[in-house]
**Student:** 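This is the structure I have questions about; it appears just below.
The analysis underlying the following values was restricted to heavy atoms, covering all of them including side chains, and did not include hydrogens, waters or symmetry mates. Because the structure is predicted, anything quoted here is derived from the model rather than measured.
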Amino acid sequence: VIFLHGLGDTGHGWAEAFAGIRSSHIKYICPHAPVMPVTLNMNMAMPSWFDIIGLSPDSQEDESGIKQAAETVKALIDQEVKNGIPSNRIILGGFSQGPISGINKEISILQCHGDSDPLVPLMFGSLTVEKLKTLVNPDNITFKIYEGMMHSSCQQEMMDVKHFIDKLLPPID
């Protein structure tokens, strides 16, 4: 499992969160984003996978930064494949800004969102899941909404993530 943190965070907190739900046969990698100026936050330098110019649906996007983040993820995947992990046993995940992409139309996706998120409104999560349904098999997408959850995670969400991971990555005998 390769899991990417959100803006201004590091992989440490997510590594701790996964420690509480981890299955012993699964390796978890929680990398750290590079530190860079972020336009949205008055150009303050912070861990970020790419620049964020604005939060509205029509905001300009940092296309080159997003492509660079995708290359970083690809390099992580390639390294694990080189280490002997079959690519079909690698799961990508992320929180908030953590970029996720896939071209496999049969990929399984779990998308989670809090209904009280003031930073990334639920409407954006709903728009994202509808866009995903045009890119991959809609039957393979699960969208879970957590009542009262803000821009964070909760115990129920982490248990849902655990079940999702364990279903996709059963132990190999």
**Student:** Roughly how far, to the nearest 0.5 Å, is the CD1 atom of Ile109 from the OG1 atom of Thr128?
**Tutor:** 10.5 Å

**Student:** Just to verify, which of His163, Gln156, Lys162 counts as forming a side chain to side chain donor-acceptor pair (under 3.5 Å) with Asp160?
**Tutor:** Gln156

**Student:** Considering only heavy atoms from C-beta outward, does the side chain of Ile26 approach that of Ile91 to under 4.5 Å?
**Tutor:**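 Of all side-chain heavy-atom pairs linking Ile91 with Ile26, none is under 4.5 Å.
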
**Student:** Is Met46 linked to Ile53 within one hydrophobic cluster, defined over Ile, Leu, Val, Met, Phe, Trp and Tyr using a side-chain heavy-atom separation of less than 4.5 Å?
**Tutor:** no

**Student:** Got a second to check how far Asp51's CG is from Glu61's CD, nearest 0.5 Å?
**Tutor:**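 Reported to 0.5 Å precision, the distance equals 11.0 Å.
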
**Student:** With side chains defined as the heavy atoms from C-beta onward, is the minimum distance between Ile29 and Gln79 less than 4.5 Å?
**Tutor:**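 The answer is no; the side chains never approach within 4.5 Å.
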
**Student:** Using 0.5 Å steps for rounding, measure from the CD1 atom of Ile77 to the CD1 atom of Ile90.
**Tutor:**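 Output value for this atom pair is 6.0 Å.
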
**Student:** With side chains defined as the heavy atoms from C-beta onward, is the minimum distance between Asp9 and Phe95 less than 4.5 Å?
**Tutor:** no

**Student:** Anything under 30° is parallel, anything over 60° is perpendicular, the rest tilted; go ahead and classify Phe143 against His113.
**Tutor:** perpendicular

**Student:** Starting from the C-alpha separation in whole Å, work towards a yes-or-no answer on side chain to side chain contact (heavy atoms under 4.5 Å, CB included) for Tyr146 and Gln155.
**Tutor:** CA-CA 10 Å; Tyr146 300 89; Gln155 187 60 36; over 6 Å; no

**Student:** Are Met159 and Ile165 grouped together when hydrophobic residues (ILVMFWY) are joined by side-chain heavy atoms under 4.5 angstrom apart?
**Tutor:** yes

**Student:** Should Phe124 and Met149 be regarded as members of a common hydrophobic cluster, given that ILVMFWY residues are connected when their side-chain heavy atoms come within less than 4.5 Å of each other, either directly or indirectly?
**Tutor:**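 Each belongs to a different hydrophobic cluster.
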
**Student:** Find the distance between CZ (Arg89) and NE2 (His25) and round it off to the nearest 0.5 Å.
**Tutor:** 5.5 Å

**Student:** Does Glu130 pair with Lys133 as a salt bridge, N-O distance under 4.0 Å?
**Tutor:**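 Salt bridge flag = yes for Lys133 with Glu130.
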
**Student:** How many angstroms lie between atom CD1 of Ile107 and atom CG of Leu168, to the nearest 0.5 angstrom?
**Tutor:** 9.0 Å

**Student:** For residues His5 and Cys30, determine if any side-chain heavy atom of one lies less than 4.5 Å from a side-chain heavy atom of the other.
**Tutor:**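 When only atoms from C-beta onward are counted, Cys30 and His5 do not touch, as no gap falls below 4.5 Å.
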
**Student:** For salt bridge (Lys or Arg N to Asp or Glu O under 4.0 Å), just list the numbers for Lys67 and Glu63, CA-CA rounded to whole Å, side-chain angles, deciding distance to a tenth of an Å, and then say yes or no.
**Tutor:** CA-CA 6 Å; Lys67 286 179 179 175; Glu63 188 175 339; 3.1 Å; yes

**Student:** Measuring only between side-chain heavy atoms, which start at C-beta, is Lys105 closer than 4.5 Å to Asn137?
**Tutor:**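 They are not in contact (no side-chain heavy atoms under 4.5 Å apart), so the answer is no.
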
**Student:** Over 60° means perpendicular and under 30° means parallel, so classify the ring planes of Phe18 and Tyr28, tilted if in between.
**Tutor:**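 Parallel: the ring planes of Tyr28 and Phe18 meet at under 30°.
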
**Student:** Going hydrophobic residue to hydrophobic residue with side-chain gaps under 4.5 angstrom, can you get from Met150 over to Leu119?
**Tutor:**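 No, separate clusters.
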
**Student:** In plain terms, say whether Asp78 and Lys82 are close enough for a salt bridge, that is, a side-chain N and a carboxylate O under 4.0 Å apart.
**Tutor:** no

**Student:** How many angstroms lie between CE in Met123 and CG in Asp117, if you round to the nearest 0.5 Å?
**Tutor:**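 Rounded to the nearest 0.5 Å, the CE-CG separation comes out at 12.0 Å.
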
**Student:** Any heavy-atom pair between the side chains of Trp49 and Leu4 that's under 4.5 Å?
**Tutor:**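 In contact.
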
**Student:** Taking side chain as C-beta onward, heavy atoms only, is His32 less than 4.5 Å from Pro47?
**Tutor:**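 His32 vs Pro47: side chains apart.
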
**Student:** Evaluate the side-chain proximity of Val120 to Ser96: yes if any heavy-atom separation is below 4.5 Å, no if none is.
**Tutor:**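 The answer is yes, as the side chains (C-beta and beyond) meet within the 4.5 Å cut-off.
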
